[in-house]
2 protein chains.
Amino acid sequence: MSMDPAPDPIFARLDRAGLVQHVVRLITDAILQGRLKPGDRLTESGIARELGLSRAPVREAARLLENRGLVVSQPNRGFFVREVTVEAIDSLYELRICIECAAVERLVAGDPAQALIGLRERIDEMRDLAEADDPLSQIEADMAFHRLICLHSGNERFVTVFDQIADETQLSLMLIGRLYDDPMRMAETHEPVFDAIAARDAQGARAALEYHIGTARRVVTDIFRKLKEDGSA
Amino acid sequence: MSMDPAPDPIFARLDRAGLVQHVVRLITDAILQGRLKPGDRLTESGIARELGLSRAPVREAARLLENRGLVVSQPNRGFFVREVTVEAIDSLYELRICIECAAVERLVAGDPAQALIGLRERIDEMRDLAEADDPLSQIEADMAFHRLICLHSGNERFVTVFDQIADETQLSLMLIGRLYDDPMRMAETHEPVFDAIAARDAQGARAALEYHIGTARRVVTDIFRKLKEDGSA
DNA sequence: GTCAAGAAGATTGTCGACAATCGACAGAAC
DNA sequence: GTTCTGTCGATTGTCGACAATCTTCTTGAC
């Protein structure tokens with residue numbers, strides 16, 4: 001009646017069932033790197049031809065990307081890269097504040113020791129990437145930081161929601177280019193949040209995180225508004 | 001340059017692309033009516049055979065249901081009706097509190113006039129269904145009430161998240177049977193929320209809603225815990 | 001009797017093909 | 001010149017079939 005717990009995994013289980021997942025990553029990268037722009041059409045047959053496989057896995061990958069918010073589908077018309085609007089970004093950040101603040105409060109109420117290790121690593125990583133002048137990877141470290149908060153909150157559902165909006169957030173950040181003139185700023189803005197968590201100050205952590213995300217919200221929407229004006233002018 | 005705003009829509013737009021949607025509804029109903037129980041396997045071929053169509057639309061429907069949380073998929077194993085645990089329900093309700101409280105605050109800050117009409121209708125509907133002794137439809141009216149709050153919050157993202165957890169919430173409620181001994185209680189517990197919104201009291205509305213959902217959270221988890229004990233005993 | 005190895009059946013993953021639908025263009029009617 | 005209609009190419013929606021994988025049952029050794 002007892003489960004045998006995989007007796008010595010010598011070889012890393014090569015992920016079969018990885019085909020769809022692979023396609024997901026390819027398309028995700030293409031969007032997040034700007035090779036596919038908002039509004040662009042994703043033709044199943046085209047992508048399938050390019051990758052040398054059938055339409056079925058491509059279609060499935062597109063459906064997954066739809067749930068993650070990177071593409072939208074129209075009946076009988078197919079998939080398109082999601083258009084990003086100022087309103088959508090604003091709504092997105094409001095939801096993030098709502099979720100992450102609740103998550104960090106629970107995190108502090110529980111045992112934040114393990115989380116703190118990871119959070120510290122991410123901030124340091126942001127610093128390193130600031131010196132290396134790699135804004136794209138820096139954004140990923142930023143997202144990883146915030147994901148960790150949700151992950152260690154003790155409520156798995158927070159992670160689910162975060163993952164569903166993470167890609168779209170990343171897309172909006174990517175479209176902007178860089179948030180701050182001084183790349184070191186990104187790491188610094190996370191410090192107060194870390195400190196409050198380390199001090200086991202739940203309310204302080206919530207406030208710090210709300211301020212942190214709220215600031216990003218204003219900066220991002222402002223930059224994006226200007227981009228939009230210049231673009232349509 | 002002016003748009004003609006659909007000059008008199010005589011015919012209602014009939015939704016083509018309804019095949020997959022139809023399958024979604026059929027499976028959803030089967031689960032929510034208890035004909036498919038948690039843990040049950042959903043075989044694509046079986047369902048396709050029963051409905052007299054191919055596996056493709058069934059598969060697509062299953063993927064949609066996965067995003068709505070009613071089924072889970074395992075690679076190379078297929079789809080199963082989601083198992084409901086006490087912890088999952090608790091996490092679900094915590095997320096609901098987080099989302100809906102933020103939504104109602106924004107709702108009151110904006111213009112709640114239109115929302116109030118719909119909310120009143122839902123409460124009255126609950127009363128009627130309590131007299132008619134139709135707990136299943138009553139649950140749907142309950143969900144509709146809470147969805148309206150998200151819908152009129154002005155942040156479309158709140159609705160998106162709500163829809164993604166609505167079915168699972170409904171499933172948990174369905175499994176329990178009935179929440180209150182007195183079916184009228186359900187309508188009554190919504191009144192304070194309605195009153196606070198009508199009074200344009202944002203903080204009061206948030207508090208009332210948090211209390212309302214929090215109470216439901218305790219009742220549901222308690223009942224479910226007992227069910228679980230009896231079931232496994 | 002217990003456990004491991006292998007065969008048989010069932011189910012998912014993927015494929016290529018056909019039908020239904022959409023968007024664009026050309027042509028006819030006014 | 002404008003508007004409607006018919007046709008065409010392209011794309012999605014659906015289908016049935018095959019290969020890969022998992023599950024179950026049987027077989028055999030200890």
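Convention: sequence-line order gives letters A, B, ...; per-chain numbering from 1. Side chains included, hydrogens not; waters and symmetry mates left out as well; all remaining heavy atoms used.
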Positions of residues 65-72 of chain A (non-hydrogen atom under 4.0 Å from DNA chain D), listed by number: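 Contacts with DNA chain D under 4.0 Å: none.
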DNA chain D contacts made by residues 41-50 of chain A, counting heavy atoms under 4.0 Å: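 Residues of residues 41-50 of chain A under 4.0 Å from DNA chain D: A:Arg41, A:Leu42, A:Thr43, A:Glu44, A:Ser45.
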Whole-Å gap separating [atom2] ([N]) and [atom1] ([X]):
X	N	atom1	atom2	value
A:Gln21	C:dT14	CD	P	11 Å
B:His22	D:dG13	NE2	P	18 Å
A:Gln74	C:dT21	CD	P	17 Å
A:Phe80	C:dC22	CZ	C1'	11 Å

Show the distances under 3.5 angstrom between N or O atoms of the protein and N or O atoms of nucleotides 15-19 of chain C.
residue : atom : partner : partner atom : Å
C:dC15  : OP2  : A:Ser54 : N            : 2.8

Does A:His146 have any ring-ring contact (aromatic ring centres under 6.0 Å, His included) partners at least two apart in sequence or in another chain, and if so, which?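 A:His146 satisfies ring-ring contact (aromatic ring centres under 6.0 Å, His included) with A:His190, A:His212 only.
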Under 3.5 Å donor-acceptor pairs involving side-chain atoms of residues 48-56 of chain A, not counting sequence neighbours:
residue : atom : partner : partner atom : Å
A:Ser54 : OG   : A:Ala56 : N            : 3.1
A:Arg55 : NE   : A:Glu44 : OE1          : 3.1
A:Arg55 : NH2  : A:Glu44 : OE1          : 3.1

Under the salt bridge (charged side-chain N to carboxylate O under 4.0 Å, His left out) test, residues paired with [X] that sit two or more places apart:
X	answer
A:Asp111	none
A:Glu168	A:Arg82, B:Arg157
B:Asp29	none

Please tell me if A:Arg77 has a side-chain N or O lying less than 4.0 Å from either OP1 or OP2 of D:dG13.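 So the side chain of A:Arg77 is outside the cut-off, no N or O lying under 4.0 Å from OP1 or OP2 of D:dG13.
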Please tell me which of the listed nucleotides, D:dC22, C:dT14, C:dC22, lies nearest to the side chain of B:Arg59?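 Minimum distance to the B:Arg59 side chain belongs to C:dT14.
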Taking distance alone, no hydrogens or angles, what donor-acceptor pairs closer than 3.5 Å link side-chain atoms of residues 67-75 of chain B to residues at least two apart or in another chain?
residue : atom : partner  : partner atom : Å
B:Asn67 : OD1  : A:Asn67  : ND2          : 2.8
B:Asn67 : ND2  : A:Asn67  : OD1          : 2.8
B:Asn67 : ND2  : B:Arg63  : O            : 3.4
B:Arg68 : NE   : B:Asp167 : OD2          : 2.5
B:Arg68 : NH2  : B:Asp167 : OD1          : 3.4
B:Arg68 : NH2  : B:Asp167 : OD2          : 2.6
B:Ser73 : OG   : B:Glu66  : OE2          : 2.7
B:Gln74 : OE1  : B:Arg77  : NE           : 3.0

What residues form a side chain to side chain contact (heavy atoms under 4.5 Å, CB included) with B:Thr160, not counting sequence neighbours?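 Listed in chain order: B:Gln164.
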Determine whether A:Arg147 and A:Asp163 make a side-chain contact, defined as any pair of heavy atoms from C-beta on separated by less than 4.5 Å.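 Counting from C-beta outward, A:Arg147 and A:Asp163 do come under 4.5 Å.
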Return each pair, listed once, that meets side chain to side chain donor-acceptor pair (under 3.5 Å) where at least one residue sits in residues 115-125 of chain B; pairs must be two or more places apart or across chains.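 Checked against side chain to side chain donor-acceptor pair (under 3.5 Å) - neighbours excluded - the pairs reaching residues 115-125 of chain B are B:Arg120-B:Asp124, B:Arg120-B:Glu191, B:Arg122-B:Glu125.
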Using modelled atom types and a 3.5 Å cut-off, is there a donor and acceptor pairing between side-chain atoms of B:His152 and backbone atoms of B:Leu148?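 Here the side-chain-to-backbone pair exists.
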Under the ring-ring contact (aromatic ring centres under 6.0 Å, His included) definition, can you give me all pairs with a residue in residues 69-99 of chain A, not counting sequence neighbours?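 Those involving residues 69-99 of chain A do not exist here.
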